[in-house]
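Heads up, the thing below is written out as structure tokens.
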Amino acid sequence: MANDLNGPVRVRFAPSPTGFLHVGGVRTAIYNELLRLHCGGVFVLRIEDTDKARSDEAMTRQIQDALSWTGIRWDEGPFLQSERQPRHAERATELLAADQAYRCFCTSEELEAQRAEAQKAGGSFRYPRTCAHLSEDEIARRMEAGQTFVVRFRAPEVNIKFFDLVRGAMEFGPESIDDFILVRSDGSPTYHMSVVCDDIDMAITHVIRGEDHLSNTPKHVPLFQAFGAAVPTFAHLPLILGPDKKRLSKRFGATSVEEFRAEGILPEALYNYMALLGWSPGDDQEILLREEMGRIFDVDRLNVSAAVFDREKLLWMNGQYLIAATLEEIRPHLDPFLAEAALTGADPARLSTVLDLHKTRARTLRELVQSIVFYFRDEIPYEADLTKKFLADPELPVHLAALRDRFAEVEFDKDALEAALRAVAEERGLKPSVLIHPTRMALSGTNCGPPLFDLVAAMGKDETSRHLGHFIAYLRRGGALPEHQD
RNA sequence: GUCCCCAUCGUCUAGAGGUUAGGACAUCGCCCUUUCAAGGCGGUAACACGGGUUCGAGUCCCGUUGGGGAUACCA
């Protein structure tokens, strides 16, 4: 059995363009790339767009964009399967000539009735080979009469064996398949015909795909053989499940690359997380970059059973990447979120400072940007529920006014600010926290965030003074909105 | 219905006959701390069930149960 992973491989990722790239597809692409990275060779991208009704150029473009964004690189393609249909038809004709395939004149309606009957009897339906042995004359007569036909594969009555990297040696009895259709009555090749034909033409050595194709494989293997081609090694990846242990669905949140991107997940984090959903390096490493995974990738460590997609862990991992990243590194990914928050023109130095301050507090780029917008706004909106305790203290405005005056006199670095605040507190017989909490509210509008003196220093002298002034006025008004709103 | 695949903490997983069943996310507690995170330390938590094989089974075999996939002139 072919399981030679010492030499270079030719692998392919063959998604059908359905509008967005599903995480399951991403993971399949990742394992293809990882094997190619590990063994050397070629990674082919092929778009299975033969279902014209739901394929278009924009979707093909979208798949490429999504793959590129995720950091997946292919060597050849994209090849469009639709453009190769003449080739597939030609190959089917060869099979017909070699009597490995035959014309079938049965209608869909007839077949449907037979299928229903077989099901009712409690068995599975196999095409009864009604047209398997029509005479030349019969065929000619029917064709002349204008009867439409499909081309069926003459499936051999033998056990079908193939090697699966995930599951080992597989063997299926001849009853697992029937004389399936290669060419439809409109002359278009079916999926089975197309994949096998393309995999042969593209000299694919390893077919890595989802487990939903496992039961298609007994159809593909004899087809490879009928063409006298080498049968590739397979790897059928278990499916990705939702929290309900059913196929991952939209109901539990994002399922496509585009959605994760829009949420503010970094591509490296998504790549890392997806790669570990069904594969593990064997030691306790979890934060791994593409290159490192490519180096240590080992198909023997691919998992056999389905995995539940865990959003929380992805978010955690994204947070880890966020913490480790410099502003420079994530800037391209950050830009769309900055634009959304109208911060495109923000001072880069200030941006860098505050981003660093808030990095450990966010799990996505979106959260991160939302957490820093207040540094760039003229007005700080206070979280009303959290200001009640400050309003209850009638002395507080006086204390804060004193603090504001002191802040105006000191150098704006965090140590000097801290010394200043503590001094004011001591002079007034207060615990520092009596000043610290309302100051945080005045500057950020909320009760959580980075250490206060980092926050104040990052805010800057003028803004701090202004925001404190606003808050003092707010307290004096008893929490009401300013009267003049014109 | 029939065929096929799968089964270790809630989740992702390590484990290739002898382990106090390890790690990570989540969760809980403690430390750090002006807050919230991050970080550090610790806790709760798993071999689906029943039969074999074996001196010994999470690991091998067979059932049961449960989950998933496939059963198209879709891909």
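In this text the structure is predicted, and so the values were computed from the model without any measurement. Lettering of chains follows the sequences in order, A, B, ..., and the numbering in each one begins at 1.
- Residue contacts for A/Val150: at a heavy-atom cut-off of 4.0 Å it reaches a base atom on one of the strands shown.
- The residue A/Glu171 sits apart from the nucleic acid: no heavy atom pair falls under 4.0 Å.
- Among the protein residues, A/Cys104 comes within range of no part of the nucleic acid, since none of its heavy atoms lies under 4.0 Å from any strand.
- As rounded to the nearest Å, B/rG50 and B/rG29 have C1' atoms that lie 40 Å from one another.
- Between A/Phe224 and A/Phe153, a ring centre-to-centre spacing not shorter than 6.0 Å is recorded.
- B/rA26 sits 32 Å from B/rU19 when the P atoms are compared, rounded to a whole Å.
- Straight-line distance between the C1' atoms of B/rC47 and B/rU59: roughly 10 Å, to the nearest whole Å.
- Residue A/Lys245 places at least one side-chain N or O under 4.0 Å from the OP1 or OP2 atom of B/rU11.
- Rounded to the nearest Å, the gap between the C1' atom of B/rA38 and that of B/rU33 is 12 Å.
- Atom C1' of B/rC60 sits at a distance of 10 Å from the matching atom of B/rU54, rounded to the whole Å.
- The backbone N or O of A/Leu277 sits less than 3.5 Å from a side-chain atom of A/Arg27, completing a donor-acceptor pair.
- For B/rG10 and B/rC28, the C1' atoms lie 14 Å apart once the distance is rounded to whole Å.
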For nucleotides 59-66 of chain B, just jot down a letter per nucleotide in 5' to 3' order: B, S or -, based on protein non-hydrogen atoms under 4.0 Å. --------
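- Nucleotide B/rC55 forms a Watson-Crick or G-U wobble pair with B/rG18, both donor-acceptor distances falling under 3.5 Å.
- Contact annotation for A/His213: base contact, defined as any heavy-atom pair under 4.0 Å involving a base atom.
- Here, B/rU44 and B/rA21 have their P atoms 13 Å apart, quoted to the whole Å.
- Contact annotation for A/Phe309: no contact, since no heavy-atom pair falls under 4.0 Å across all strands.
- For the atom pair A/Leu241 CG and A/Phe309 CZ, the distance stands at 12.5 Å (nearest 0.5 Å).
- At least one side-chain nitrogen or oxygen of A/Lys246 sits closer than 4.0 Å to the OP1 or OP2 atom of B/rG68.
- Pair assignment for B/rG63 gives B/rC49, based on Watson-Crick or G-U wobble hydrogen-bonding distances that are each under 3.5 Å.
- Between A/Arg440 and B/rU34, a side-chain N or O to OP1/OP2 separation shorter than 4.0 Å is absent.
- Nucleic acid contact class of A/Ser215 (heavy atoms, under 4.0 Å, all strands): sugar-phosphate only.
- The partner of B/rG1 is B/rU71, judged by Watson-Crick or G-U wobble contacts that both fall below 3.5 Å.
- Residue A/Arg301 is classed as a sugar-phosphate contact, given heavy-atom separations below 4.0 Å to backbone atoms only.
- In this structure, the separation between CD on A/Glu109 and CD on A/Gln114 is 11.5 Å, given to the nearest 0.5 Å.
- At the heavy-atom level, A/Leu452 lies under 4.0 Å from base atoms of the strands shown.
- Counting to the nearest Å, the C1' atom of B/rU13 and the CG atom of A/Leu302 are 14 Å from each other.
- In this model, no donor atom of one side chain and acceptor atom of the other lie less than 3.5 Å apart for A/Tyr273 and A/Asn318.
- Residue A/Arg152 has no polar side-chain atom (N or O) positioned under 4.0 Å from OP1 or OP2 of B/rA72.
- To the nearest 0.5 Å, atom CG of residue A/Leu468 and atom OH of residue A/Tyr474 are 15.0 Å apart.
- Distance from the side chain of A/Ile436 is smallest for B/rU34 among the nucleotides B/rC4, B/rU34, B/rC25.
- Across all strands shown, A/Pro451 has heavy atoms under 4.0 Å from base atoms, whether or not it also approaches the sugar-phosphate.
- Base engagement by A/Ser108 is indicated by at least one non-hydrogen atom pair under 4.0 Å involving a base atom.
- Counting any heavy atom pair closer than 4.0 Å across all strands shown, A/His358 reaches no nucleic acid atom.
- Looking at A/Tyr382 and A/His470, their side chains never bring a donor and an acceptor atom within 3.5 Å of each other.
- OP1 or OP2 of B/rU13 sits under 4.0 Å from a side-chain N or O of A/Asn303.
- Side-chain atoms of A/His88 and A/Asp198 include a donor-acceptor pair closer than 3.5 Å.
- Pairing partner, B/rU27: B/rG43, with both Watson-Crick or wobble hydrogen-bond distances short of 3.5 Å.
- Distance noted for atom P between B/rG58 and B/rU53: 16 Å (whole Å).
- As the counterpart of B/rA37, no nucleotide is assigned, since no Watson-Crick or G-U wobble pattern has both distances under 3.5 Å.
- For B/rA75, its base sits under 3.5 Å from the side chain of A/Asn216 at one donor and acceptor pair at least.
- Looking at heavy-atom distances under 4.0 Å, A/Asp212 makes contact with sugar-phosphate atoms alone, never a base.
- Geometrically, A/Arg103 engages A/Phe149 in a cation-pi contact defined by less than 6.0 Å to the ring centre and at most 45° from the axis.
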